[in-house]
Amino acid sequence: MADQAHDENVPAAPGPTGLDPEAEGLYRLLLSRTDASVSRLAADAGLRPARTRELLMRLVDDGFATMVADSRFRAVGPDTVLGGRIASQLGDVLGEYEALRELLEIHRAGPGSGGGDHGSWEVVSGPVAIRSRLRQLKAGAEKRLRTFVRPPMVLPVPEPALHEDLQARGVCHRILFDRAVLDIDPYSDYLRHALSSGDEVRFAKRLPLKLLIVDDKTALMEEGGGRPKAIVTGNRSIVELAGALFDQLWSSGIPATTASSSAERLDEDDAVLLGLLISGLTDQSIATKLGIGLRTVQRRVRELMDLADVDTRIQLGWHAAKNGWVP
């Protein structure tokens, strides 16, 4: 009896798909549906909801499923998740090929087959699901990523491991920030990471939407207002339009990387004034310290904003720090 109890606690060996039997059973169940909630899958699989969510998140991490909402999941086609790996090993692992064939039959027979228009569009709702889908799309990039970033942002500071992996694989990442991000303190860590990451960064006066384009093949667009909702599509025409929009706004954006090499230098008086401003002093306090009038301070701050081509004093502070205008 003791031996039997010990054997029951030993984790089951993974099958031909690389999944353990419990996770593979849930994947097979998910393949037969367009998408499904955690509670529905738990009931159909005879599992506790907490265990079902744990298995589903493992499937997401391993690329077998995606989150379409915070509590709804959709299977990734087995040809996508298994095809490349199996093809490279087909001569030695015929068992995996048979597993792929069997899973494809389930996938094609069910309503979640991804045929027709359904396969070209995917709706993801909720910040947790959107974050998960963004990570998946970025991790799968082969050549380049192009991103519009505007508030409010659902994605935290990029994970160092993912970022390092993308750079090691030579994936080029261009990030275009809406300037409104500069005015919101909680996003300062995100900006610092972007500016020090080695990615190409520019700023635009206004962005029309949030956007991620992966390898000119897939686009994720987040809708504004209300509960966060994003659309993911591989439709060629839509991806090409999104790419053209990105390239147009990128070409007119202000490069963050050219700031340090800028030939613009401030005279000593303006540098002192700017330093006091960044330190948090009011215009009246600056005027008193410098022995000049309040209107003179306000006029010179306005001239510095025009020189930096920014709209707010917070943006002026970022520009000044980035250009070495202040020590």
Side-chain angles (χ1 to χ4, degrees), residues 30 33-38 53 56-57 59-77 80-81 112 114 116-142 144-159 162-163 166 171 173-178 180-181 184 186-187 190 193-194 199 204 206-247 249-250:
L30 191 58
R33 291 156 169 72
T34 301
D35 57 61
S37 66
V38 173
R53 173 172 280 278
L56 286 167
M57 293 310 299
L59 290 175
V60 170
D61 291 341
D62 291 341
F64 285 84
T66 63
M67 297 180 72
V68 296
D70 288 356
S71 293
R72 295 190 71 83
F73 294 78
R74 175 178 298 143
V76 174
T80 299
V81 72
D117 291 339
H118 176 76
S120 297
W121 299 92
E122 173 189 347
V123 178
V124 185
S125 59
V128 177
I130 292 174
R131 281 196 294 268
S132 174
R133 197 70 180 96
L134 281 168
R135 289 191 187 100
Q136 281 189 324
L137 290 169
K138 287 185 175 183
E142 297 176 354
R144 67 169 175 165
L145 295 165
R146 289 176 287 175
T147 306
F148 281 166
V149 178
R150 55 171 291 182
M153 300 190 306
V154 301
L155 195 65
V157 174
E159 299 91 333
L162 174 58
H163 187 267
L166 291 171
V171 176
H173 193 181
R174 287 183 166 180
I175 308 173
L176 187 61
F177 281 95
D178 190 303
V181 173
I184 304 175
Y187 299 154
Y190 194 111
H193 180 278
D199 295 330
R206 189 180 68 85
L207 295 177
L209 77 166
K210 300 178 187 178
L211 175 69
L212 171 67
I213 307 172
V214 182
D215 292 332
D216 301 315
K217 296 178 180 178
T218 307
L220 181 147
M221 294 165 280
E222 187 177 338
E223 298 178 346
R227 181 174 173 79
K229 181 183 291 185
I231 295 173
V232 182
T233 180
N235 181 286
R236 176 181 291 183
S237 298
I238 299 300
V239 174
E240 287 180 352
L241 284 172
L245 173 64
F246 182 95
D247 290 344
L249 293 179
W250 176 264

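FYI, side chains are in, hydrogens and waters are out, and symmetry mates aren't considered; it's all heavy atoms of this structure.
Across all their heavy atoms, Leu166 and Ala141 have their closest contact at CD2-CB, 4.4 Å.
For Asp216, the side chain to side chain donor-acceptor pair (under 3.5 Å) partners at least two apart in sequence or on another chain are Arg144, Arg146. Under the rule for a side chain to side chain donor-acceptor pair (under 3.5 Å), Thr218 has no partner lying at least two apart in sequence or in another chain. Arg72 pairs by the side chain to side chain donor-acceptor pair (under 3.5 Å) definition with Asp35, not counting sequence neighbours. In this structure, the side-chain contact (heavy atoms from CB on, under 4.5 Å) partners of Ser132, at least two apart in sequence or on a different chain, are Val60, Met67. The side-chain contact (heavy atoms from CB on, under 4.5 Å) check on Val123 picks up Lys229, with sequence neighbours excluded. In terms of the side-chain contact (heavy atoms from CB on, under 4.5 Å) criterion, residue partners of Val239 (sequence neighbours excluded) are, by chain and number, Ile213, Ala219.
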Stepwise side-chain contact (heavy atoms from CB on, under 4.5 Å) check, Leu212 with Leu134: CA-CA 8 Å; Leu212 171 67; Leu134 281 168; 3.7 Å; yes

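Of the possible donor and acceptor atoms, one in the side chain of Gln136 sits under 3.5 Å from a partner among the backbone N and O of Ala65. Judged by distance alone, the side chain of Arg133 and the main-chain N or O of Val68 form no donor-acceptor pair under 3.5 Å. The backbone N or O of Leu207 lies less than 3.5 Å from a partner atom in the side chain of Asp178, making a donor-acceptor pair.
Side chains of Val149 and Leu176 form no contact here, defined as non-hydrogen atoms less than 4.5 Å apart.
Note that the CD1 atom of Ile238 and the CD1 atom of Ile231 stand 9.5 Å from one another [nearest 0.5 Å].
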